[in-house]
Amino acid sequence: VVLSLVLMRWLILFGNAIIVVAYAVLFRQALVLADIAKIEKSPVLGLSGSHGYWAMAFGFALIAVVTVCQSVRVVLEGTDARFSLEYKEI
């Protein structure tokens, strides 16, 4: 079955919307855990235990931003604008 280009574009955008929402939820939960873990201190370095959770939240936010950028590119340039690798002989 061959999907029309418009349907393919909407399927990609719908999938990207699911990804953005999922990573937004993970971002929020990582912030909640960072708030809980800030009480703990590392015995060696004396750092707060929330640093790892802040890093995870930052990573989740970046993944959501990249997915939004990919969605904008698909809207503007079509489904062929998705990331693809091409191997070329050097």
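For clarity, every value in this text was computed on a predicted model and none was experimentally measured.
- Note on Trp54 and Phe27: same hydrophobic cluster, where clusters join Ile, Leu, Val, Met, Phe, Trp and Tyr whose side-chain heavy atoms are under 4.5 Å apart, directly or indirectly.
- One distance of note links CD1 of Ile39 with OG of Ser50; it measures 10.0 Å at 0.5 Å rounding.
- Arg9 has its side chain within reach of Leu13: a pair of non-hydrogen atoms, C-beta onward, lies under 4.5 Å apart.
- A distance of 10.5 Å separates CG in Leu33 from CG in Leu26, rounded to the nearest 0.5 Å.
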Test log, rule side-chain contact (heavy atoms from CB on, under 4.5 Å), inputs Leu31 and Tyr53: CA-CA 7 Å; Leu31 292 180; Tyr53 294 105; over 6 Å; no
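- Between the CD atom of Gln29 and the CE atom of Met56 there is a distance of 10.5 Å, given to the nearest 0.5 Å.
- Annotation: Leu62, atom CG; neighbour count of heavy atoms from other residues, nucleotides and ligands within 6.0 Å is above 12.
- Atom CG of Leu7 sits about 12.0 Å away from atom CZ of Phe14, to the nearest 0.5 Å.
- Atom OG in Ser48 sits 8.5 Å away from atom CD in Glu40 (nearest 0.5 Å).
- The CG atom of Leu11 sits 11.0 Å away from atom CG of Asn16, with the distance rounded to the nearest 0.5 Å.
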